[in-house]
2 protein chains.
Amino acid sequence: MDKITATIVFESLASGVRLDIFRLLVKAGEEGLVVGEIGRALGIPPTNLSFHLKALTQARLLVVEQQGRFQRYRANLALMRELIAYLTEECCSGHPEQCFDQDSESGCCDTQTPLS
Amino acid sequence: MDKITATIVFESLASGVRLDIFRLLVKAGEEGLVVGEIGRALGIPPTNLSFHLKALTQARLLVVEQQGRFQRYRANLALMRELIAYLTEECCSGHPEQCFDQDSESGCCDTQTPLS
DNA sequence: GCATTAATTAAATAATAATTGTATTATTGC
DNA sequence: GCAATAATACAATTATTATTTAATTAATGC
């Protein structure tokens, strides 16, 4: 992942509303949710919801599929994994010893060789 | 990490300028850098730099130490680890099979049991 | 003490982002 | 075809962020 992509993804997640949408769709899993369901679940009016869904989709954090007159949205977990990888590299770059092999709350990666 | 903290951290990283600052300070390591050095390295004028450093510090992504009339900033890698842990949980919540045990570019966590 | 340097604060402006209301597009079922 | 529904596009407004200039605070060295 490059810096520009990372910035766009961060922007997408840097909003309580969009973070709620994303987390809801992660929970919804492979089935995903249609716009009306998301709106009802989170109490967001349609136009505003469209605005945020567009942002998340343009950032590729969401994937959309048309089903008749419904739009079904799903979370793009692959991109989330890429983001985690990017942060891990950022976090470790040049200084892996600061990032690993110590008491960490992350519960992630501690036992692995850091990325180059 | 809670949702509010995560949002604040994402906001901090959702700016090319701030992402540059953070990455520079990760590279700088334990020694950190003083404001003038950061400004010269990235070509950011002092007042604007102060603005972004304040945002990053309030988000706790940076830690600052006064040294005479200099302010030395360092990256807070512990918080970055917490963020990675949060994203990992988000990413896996309820659907670990989508997040792990498959071809992943992340190179991270794949061999581990996902978080609850 | 005074001039110099480092950095921040404060105030004004410019630029973006979020929200709301209205209108439009497209699909469904009759 | 027509009414009803799902969702988005557009336009206007509001709110938030980013940037710049000028002024201030605080530490250093003479």
Side-chain angles (χ1 to χ4, degrees), chain A residues 3-25 28 31-76, chain B residues 3-25 28 31-76:
Chain A
K3 199 194 90 180
I4 294 165
T5 305
T7 307
I8 291 168
V9 175
F10 286 135
E11 272 170 21
S12 294
L13 297 173
S15 143
V17 174
R18 287 194 294 266
L19 196 51
D20 284 340
I21 294 170
F22 183 77
R23 300 204 308 166
L24 184 66
L25 285 168
E31 204 191 336
L33 290 172
V34 299
V35 179
E37 292 172 327
I38 300 169
R40 256 168 275 132
L42 301 176
I44 308 167
T47 46
N48 192 19
L49 182 53
S50 273
F51 172 82
H52 289 297
L53 288 172
K54 192 178 176 184
L56 285 161
T57 305
Q58 281 175 347
R60 297 195 302 121
L61 274 168
L62 299 187
V63 171
V64 62
E65 180 197 357
Q66 178 151 11
Q67 291 184 335
R69 56 183 154 175
F70 298 88
Q71 303 285 118
R72 185 166 295 272
Y73 284 88
R74 293 183 180 87
N76 179 3
Chain B
K3 199 194 90 179
I4 294 164
T5 306
T7 306
I8 291 168
V9 174
F10 287 134
E11 272 170 20
S12 295
L13 297 172
S15 144
V17 174
R18 287 194 294 266
L19 196 52
D20 285 342
I21 294 170
F22 183 77
R23 300 205 309 168
L24 183 68
L25 285 167
E31 204 190 337
L33 291 171
V34 300
V35 179
E37 293 172 323
I38 300 169
R40 258 169 273 131
L42 300 177
I44 307 167
T47 46
N48 193 20
L49 183 53
S50 273
F51 172 81
H52 290 296
L53 288 172
K54 193 178 177 184
L56 284 161
T57 305
Q58 281 175 345
R60 297 195 303 119
L61 274 169
L62 299 186
V63 172
V64 60
E65 180 196 359
Q66 177 151 14
Q67 291 185 335
R69 56 183 154 173
F70 297 88
Q71 304 285 116
R72 185 165 295 270
Y73 284 88
R74 294 184 179 87
N76 178 4

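Every heavy atom of this structure was used, including side-chain atoms; hydrogens, water molecules and symmetry mates were not. In what follows, every chain begins at residue 1, and chains take the letters A, B, ... in the order their sequences are listed.
Across the protein-nucleic acid pair, A/Leu56 atom CG and C/dA17 atom P stand 14 Å apart, rounded to whole Å. At whole-Å resolution of the value, CD1 in A/Ile38 and P in D/dA6 are 14 Å apart. In this structure, A/Ile44 atom CD1 and D/dT8 atom P are separated by 12 Å, rounded to whole Å. B/Gln67 has its CD atom 15 Å from the C1' atom of D/dT28, to the nearest Å. Atom-to-atom, CD of B/Gln66 to C1' of C/dT5 comes out at 14 Å; the value is rounded to the nearest Å. To the nearest angstrom, C1' of D/dA7 lies 14 Å from CG of A/Asn48.
Between B/Thr7 and A/Ala14, the shortest heavy-atom contact is CG2-C, 4.0 Å. Closest of all the heavy-atom pairs between B/Val34 and B/Phe70 is CG1-CB, 3.9 Å. Counting all heavy atoms, side chain and backbone alike, A/Val9 lies closest to A/Ala59 at CG2-O, 4.2 Å.
In this structure, B/Arg18 reaches the D/dA18 phosphate: one of its side-chain N or O atoms is under 4.0 Å from OP1 or OP2. Contact annotation: B/His52 does not reach the phosphate of D/dT17 (side-chain N/O to OP1 or OP2, under 4.0 Å).
From B/Ile21, atom CD1 reaches atom CG of B/Leu61 across 11.0 Å, with rounding to the nearest 0.5 Å. One finds the CD atom of A/Glu11 at 11.5 Å from the CD atom of A/Gln58 (value rounded to the nearest 0.5 Å).
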Inset, instruction - Any chance you could list the contact pattern along nucleotides 6-13 of chain C? Use B for base contacts, S for sugar-phosphate-only contacts and - for none, protein heavy atoms under 4.0 Å, 5' to 3'. - result: SSBB----
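Not a single donor-acceptor pair under 3.5 Å links the side chain of A/Glu65 to the backbone N or O of A/Gln67.
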